[in-house]
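Note sheet for the following structure.
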Amino acid sequence: MILDILKFPDPVLRTPALPVEAITGETAELIENMLETMYAAPGIGLAAPQVGVSRRIIVLDLDHENRGANVIKLVNPVIRETEGEAIFEEGCLSVVDFTAEVKRAERVAMSAYDENGEEVDIEADGLLAVALQHEIDHLDGKLFIDRISRLKRDIYVRRLKKSIRTGKEPQESRGVVI
C-alpha cells in the first residue's frame with residue numbers, strides 16, 4: 001500500500017521518533033508499505049516519520065538498476081562512529097522542489113536490527129553513508145535543510161510560503177532524492 005508522504009513544514013517531521021519495542025507483523029507490513037511508497041515517489045530512502053509513523057524505522061535502496069535486489073531495512077538504527085567529511089547534493093521526499101549541498105560524515109559505522117530482529121552492523125561510505133545519515137536525521141526530527149545555511153533555508157521557506165499563499169504547489173525535485 002502506498003502511504004502519504006508528509007511534507008515540510010508538517011510538525012511530525014520535527015518530532016523525534018520512538019524506538020521500536022518489538023518487531024511484529026505490523027512492523028514488517030509498515031516496512032513493506034514504506035518500500036512501495038519510496039519506489040512510487042521515487043526516492044532512494046524513506047523514514048517512518050515521513051509517512052506519519054513515529055517509530056525508528058528506515059528503508060533504503062540505492063540500486064535503481066536492480067530494484068529490490070539491495071534493499072536495506074533497518075529498525076532502531078544507531079550511528080556508532082563517523083569519519084571524515086563529504087559534501088553531497090541532497091533532496092528529500094518531504095522537502096519538495098529543493099536540493100542543496102550538505103556536509104556530512106564521509107564514512108559511518110552503525111548498528112540496527114533487520115525486519116527479523118537480527119542485529120545488523122553496517123560500515124558505509126559514499127552515497128550509502130550520506131543516505132543513512134539523512135534518514136537517521138529524520139528519526140531525530142531533523143531535515144537536511146537544518147544542515148544548510150540559514151540564508152538558503154530562509155529562501156526555501158519563503159518560496160514555500162508563497163506557493164501555499166498563491167495556491168501553486170511546488171514541483172517535485174527532479175534529481176535523486178533520499
Side-chain angles (χ1 to χ4, degrees), residues 1-64 67-80 88 90-99 102 104 108 110-122 124 127-147 153 156-157 160 164 169-170 172-173 175-178:
M1 174 171 66
I2 295 176
L3 307 169
D4 290 333
I5 297 174
L6 302 179
K7 307 292 189 223
F8 173 80
D10 192 301
V12 172
L13 296 170
R14 297 299 196 178
T15 306
L18 301 170
V20 174
E21 298 297 327
I23 299 171
T24 63
E26 196 174 291
T27 309
E29 183 180 348
L30 172 61
I31 288 170
E32 292 309 311
N33 290 341
M34 286 173 59
L35 280 169
E36 190 175 340
T37 302
M38 178 188 74
Y39 290 132
I44 62 170
L46 191 67
Q50 290 180 274
V51 293
V53 179
S54 183
R55 291 289 180 254
R56 298 187 70 81
I57 301 170
I58 63 174
V59 295
L60 296 156
D61 188 353
L62 309 184
D63 189 351
H64 288 281
R67 184 171 141 175
N70 297 297
V71 172
I72 299 172
K73 307 170 189 176
L74 301 174
V75 177
N76 296 333
V78 175
I79 294 176
R80 295 187 325 269
F88 265 81
E90 292 186 29
C92 180
L93 296 173
S94 293
V95 180
V96 294
D97 195 31
F98 187 73
T99 61
V102 179
R104 295 197 184 267
V108 297
M110 59 169 303
S111 58
Y113 295 93
D114 67 14
E115 73 272 23
N116 300 313
E118 300 293 321
E119 193 164 350
V120 177
D121 289 313
I122 297 175
L127 180 58
L128 179 56
V130 168
L132 287 165
Q133 292 171 84
H134 179 108
E135 297 308 333
I136 290 171
D137 271 359
H138 279 297
L139 303 181
D140 295 334
K142 296 179 184 165
L143 299 169
F144 84 95
I145 57 174
D146 298 327
R147 296 186 176 276
R153 184 173 50 253
Y156 173 70
V157 170
L160 180 64
I164 291 169
E169 287 289 318
E172 297 289 331
S173 297
V176 173
V177 289
I178 302 173

(request) Using a 4.5 Å cut-off on heavy atoms from C-beta on, say whether the side chain of K73 contacts that of E32. (result) yes

(message) Looking at R56 and D140, is there a salt bridge between them, counting it only when a charged N and a carboxylate O are closer than 4.0 Å?
(response) yes

(request) Working to the nearest 0.5 Å, report the span between CD of Q50 and CE of M34. (result) 7.5 Å

(request) Evaluate the side-chain proximity of D137 to R147: yes if any heavy-atom separation is below 4.5 Å, no if none is. (result) yes

(request) Look at atom CZ of F88 and say whether more than 12 heavy atoms of other residues, nucleotides or ligands are closer to it than 6.0 Å. (result) yes

(request) Go through the structure and list residues passing side chain to side chain contact (heavy atoms under 4.5 Å, CB included) with R14, not counting sequence neighbours. (result) F8, L143, I145, D146

(message) Let's go through I5 and S94 carefully: what are the C-alpha distance in whole Å and the side-chain angles of both, what is the deciding distance for side-chain contact (heavy atoms from CB on, under 4.5 Å) to 0.1 Å, and is it a yes or a no?
(response) CA-CA 7 Å; I5 297 174; S94 293; 3.7 Å; yes

(request) Find out whether P9 and L160 are in side-chain contact, i.e. whether some heavy atom of one side chain is under 4.5 Å from a heavy atom of the other. (result) yes

(message) Counting C-beta onward and ignoring hydrogens, is there a side-chain heavy-atom pair between I58 and L46 closer than 4.5 Å?
(response) no

(request) Please round to the nearest 0.5 Å and tell me the distance separating atom CD1 of I72 and atom CD of E135. (result) 11.0 Å

(message) Does D61 form a side-chain hydrogen bond (donor to acceptor under 3.5 Å, both in side chains) with Y39? I'd like the steps, not just the answer.
(response) CA-CA 9 Å; D61 188 353; Y39 290 132; 2.4 Å; yes

(request) Calculate, to the nearest 0.5 Å, the distance between atoms CG and CD1 belonging to D114 and I23 respectively. (result) 7.0 Å

(message) Looking at every heavy atom in both V95 and F144, which two are closest together, and how far apart are they?
(response) CB-CE2, 3.8 Å

(message) Is it true that, when you exclude E119 itself, more than 12 heavy atoms of the residues, nucleotides or ligands shown sit nearer than 6.0 Å to its CD?
(response) yes

(request) Please name the pair of heavy atoms, one in P19 and one in N76, separated by the smallest distance, quoted to 0.1 Å. (result) CA-OD1, 3.4 Å

(message) Counting C-beta onward and ignoring hydrogens, is there a side-chain heavy-atom pair between V59 and T37 closer than 4.5 Å?
(response) no

(request) Kindly indicate whether the side chain of L139, heavy atoms from C-beta on, has any atom under 4.5 Å from the side chain of P16. (result) no

(request) Could you tell me whether the side chain of M38 reaches within less than 4.5 Å of the side chain of L60, counting heavy atoms only? (result) no

(request) Supply the atom-to-atom distance L30 CG to L3 CG, rounded to the nearest 0.5 angstrom. (result) 7.0 Å

(request) Among residues two or more places apart or on two chains, list those pairs meeting salt bridge (charged side-chain N to carboxylate O under 4.0 Å, His left out) that have a residue in residues 35-47. (result) none

(message) Just verifying a value: how many Å separate K7 NZ and D97 CG, rounded to the nearest 0.5 Å?
(response) 11.5 Å

(request) Please round to the nearest 0.5 Å and tell me the distance separating atom CG of D4 and atom CD1 of I2. (result) 10.0 Å

(message) For P49 versus V12, what's the shortest heavy-atom pair and its separation?
(response) O-CG1, 3.8 Å

(message) So that I can tick it off, tell me whether E90 and R104 are bridged by a salt bridge, with the cut-off set at under 4.0 angstrom between side-chain N and carboxylate O.
(response) yes

(request) Please step through side-chain contact (heavy atoms from CB on, under 4.5 Å) for the pair L128 and L132, ending with a clear verdict. (result) CA-CA 6 Å; L128 179 56; L132 287 165; 4.0 Å; yes

(request) Kindly indicate whether the side chain of L74, heavy atoms from C-beta on, has any atom under 4.5 Å from the side chain of M110. (result) yes

